[in-house]
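Down below is the structure, laid out as structure tokens.
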Amino acid sequence: MMRITFSILIATLLFLQPGVAEAMDANALWGNRCEQCHGEAGEFSGKYLWVIDDKLQGQHHVENLRLFLRNHYIPGHGIEALYDLLRAQANTPARFGNECSGCHESATTFVRKSIFTRAGELTGAASGVPVETFLATHRDLTKEDVEFFTKLLLRMSIVVYGQ
Ligand code: HEC
Ligand code: HEC
């Protein structure tokens with residue numbers, strides 16, 4: 001009896017705190033409806049999703065991820081919560097601003113001036129070397145950094161040049 005009353009109390013408190021209830025909602029929704037195909041939410045976001053110009057973008061679905069989500073395995077009311085959950089763990093180009101822009105201007109300008117795709121591979125215009133190879137000996141970047149910045153430049157090149 002105590003236990004039931006206590007559960008109801010907790011449920012009520014959660015219900016009265018929209019932030020908490022929503023966050024739990026999003027995690028539960030993800031677990032029930034998305035995880036079987038996409039695995040853990042943070043890992044999925046880190047691997048495929050970016051926040052650019054304040055908008056969440058996918059690897060494939062660059063333009064309007066919200067619209068895509070609306071047609072993608074989700075009951076209408078969960079979209080915003082899931083969008084926020086994914087967004088909170090997505091990548092951003094901010095590191096380029098901090099670590100590269102001092103010499104290379106903004107990421108989009110840099111891509112426009114210096115990066116192109118050759119045979120599907122991101123390549124430096126001046127060096128003619130694949131970006132991933134070039135970065136391995138540039139600015140003492142670690143292996144993880146090289147992976148991250150290669151992904152970032154690839155993402156920005158999709159934004160600049162289209163898919
Ligand atoms: C039955 C498997 C399946 C389920 C369940 C599923 N997805 Fe997907 N999802 C896919 C596939 C396959 C793709 C890639 C195909 C495409 O882009 O249309 C995808 C693509 C995506 C993308 C775009 C990724 C990108 O890089 O552009 C997002 C975001 C996404 N899913 C979110 C979700 C969310 C949120 C849920 C749960 C509500 C969910 N998915 C449930 C199979 C699934
Ligand atoms: C202190 C200045 C400086 C910083 C900071 C810097 N770079 Fe560079 N970068 C250069 C110079 C100079 C070149 C061209 C000459 C060279 O090194 O071969 C270059 C070349 C490159 C190239 C090859 C372009 C081509 O046309 O072949 C890439 C890719 C690149 N940088 C990425 C980055 C990234 C990513 C960062 C941030 C992690 C970064 N750089 C930070 C100075 C810098």
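All residue numbers in this chain count up from 1 along the given sequence. Just follow the structure's listing: the first ligand is 1, and inside any ligand the first atom is 1.
- Under a 4.0 Å heavy-atom criterion, Gly102 is not in contact with ligand 2.
- Of the candidates Tyr73, Tyr83, Phe68, the one placing a heavy atom closest to atom 23 (C) of ligand 1 is Phe68.
- Phe134 CZ, 3.8 Å is the protein heavy atom nearest to atom 16 (C) of ligand 2.
- Residue contacts with ligand 1 for Phe44 involve side-chain atoms from C-beta outward but no N, CA, C or O (heavy atoms, distance under 4.0 Å).
- Proximity to Ser114 (heavy-atom distance under 4.0 Å) selects the following atoms of ligand 2: 26 (O).
- Among protein heavy atoms, the minimum distance from atom 27 (O) of ligand 2 is reached at Ser127 OG, 2.6 Å.
- Atom 12 (C) of ligand 2 is not flagged as protein-proximal [any protein heavy atom, distance under 4.0 Å].
- Atom 43 (C) of ligand 2 is approached by the protein to below 4.0 angstrom, counting heavy atoms only.
- Heavy-atom proximity to Gly124, at under 4.0 Å, picks out these atoms of ligand 2: 25 (C), 26 (O), 27 (O).
- Which of Ala107, Ala126, Ser101 comes nearest to atom 26 (O) of ligand 2 through a heavy atom is settled by distance: it is Ala126.
- Residue-environment remark: OH (Tyr48) stays at or below the threshold of 12 foreign heavy atoms within 6.0 Å.
- Taking the ring centroids of Tyr161 and Phe116, they lie at or beyond the 6.0 Å cut-off.
- With ligand atoms numbered from 1 in the order given, ligand 1 contributes 25 (C), 26 (O), 27 (O) to contacts under 4.0 Å with heavy atoms of Gly58.
- By the 4.5 Å heavy-atom criterion applied to side chains, Ile52 and Met156 are counted as neighbours.
- Per residue His72, closest N, O or S atom to atom 8 (Fe) of ligand 1: atom name NE2.
- Under 4.0 Å from ligand 1, the heavy atoms of Leu69 that appear belong solely to its side chain.
- Protein non-hydrogen atoms do reach within 4.0 Å of atom 37 (C) of ligand 2.
- Put simply, the residue from His38, Gln89, Glu40, Arg87 that forms a side chain to side chain contact (heavy atoms under 4.5 Å, CB included) with Ser45 is Gln89.
- A salt bridge is defined here as a Lys NZ or Arg NE, NH1 or NH2 lying under 4.0 Å from an Asp or Glu carboxylate O, and Arg139 with Glu99 fails to meet this definition.
- In this structure, the side chain of Asn91 does not engage the main chain of Trp50 through any donor-acceptor pair within 3.5 Å.
- For atom 8 (Fe) of ligand 2, the count of nearby protein N, O or S atoms, meaning those under 2.8 Å away, is 2.
- Only side-chain heavy atoms of Leu135 come within less than 4.0 Å of ligand 2; its backbone N, CA, C and O stay farther off.
- Among protein heavy atoms, the minimum distance from atom 29 (C) of ligand 2 is reached at Phe110 CZ, 3.9 Å.
- Under a 4.0 Å criterion applied to the non-hydrogen atoms of Leu82, ligand 1 contributes the atoms 38 (C).
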